[in-house]
Amino acid sequence: MSDTLFGKIIRREVPADIVYEDEDVLGFNDISPQAPLHVLFIPKKPLATIDDARADDALLLGRLMLAAAGYARAQGVAADGYRLVVNCNAHGGQTVFHLHVHLLAGRRMHWPPG
Ligand code: AMP
């Protein structure tokens, strides 16, 4: 995949409000929050979309989801609830082509999404 904004955030070439990091995953506050808590969790591996993930990415995807869920629990929002979102390509509304999981919390979510 070509370089993206999120690749630059991983390399600290672009500033971000980083709130979580481990060996495989980075989490940072969304620059345009859609909920009181809105954090993006990204794999350090440069996968463009969830459609680019393959069987050997299963462990990484699990770690990505667990990082988001663990962060939600640590922030005390898990009992009230939250939403994890992965947008894929144009119809999914994806705008940054480095796979990311949105964690949205702190308000009641609506369904269906727009
Ligand atoms: P998506 O539409 O699923 O690709 O989501 C991309 C997200 O990245 C949007 O929620 C944007 O607000 C967010 N975003 C864009 N630029 C930045 C940035 N520099 N730092 C943090 N979040 C960003």
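In listed order, ligands and their atoms are each counted from 1. If you're wondering where the values come from, they're calculated on a predicted model, not measured in any experiment.
- For Phe41 and His100, the ring centers are positioned 6.0 Å apart or more.
- With sequence neighbours excluded, the residues satisfying side chain to side chain donor-acceptor pair (under 3.5 Å) with Arg63 are Asp24.
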Under 3.5 Å, N/O to N/O: give me all the pairs between ligand 1 and the protein, one per line with atom names and distance.
residue, atom, partner, partner atom, Å
ligand 1, 2 (O), Gly93, O, 3.0
ligand 1, 2 (O), Thr95, N, 3.4
ligand 1, 2 (O), Thr95, OG1, 3.1
ligand 1, 3 (O), Asn87, ND2, 2.8
ligand 1, 3 (O), His100, NE2, 2.8
ligand 1, 3 (O), His102, NE2, 2.8
ligand 1, 4 (O), Thr95, N, 2.7
ligand 1, 4 (O), Thr95, OG1, 3.1
ligand 1, 4 (O), Val96, N, 3.0
ligand 1, 4 (O), His100, NE2, 3.0
ligand 1, 5 (O), His100, NE2, 3.0
ligand 1, 5 (O), His102, NE2, 3.3
ligand 1, 10 (O), Asp30, OD1, 3.3
ligand 1, 10 (O), Asp30, OD2, 2.5
ligand 1, 12 (O), Asp30, OD1, 2.5
ligand 1, 22 (N), Ile31, N, 3.2

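- In terms of the side chain to side chain donor-acceptor pair (under 3.5 Å) criterion, Asp80 has no residue partners (sequence neighbours excluded).
- For the side chain to side chain donor-acceptor pair (under 3.5 Å) test, no residue two or more places apart in sequence or in another chain qualifies with Asn87.
- Rounding to the nearest 0.5 angstrom, the gap separating the CG atom in Leu26 from the OH atom in Tyr20 is 10.0 Å.
- Of all the heavy atoms in Lys44 and Val25, the pair that sits closest is CE-O, 4.0 Å.
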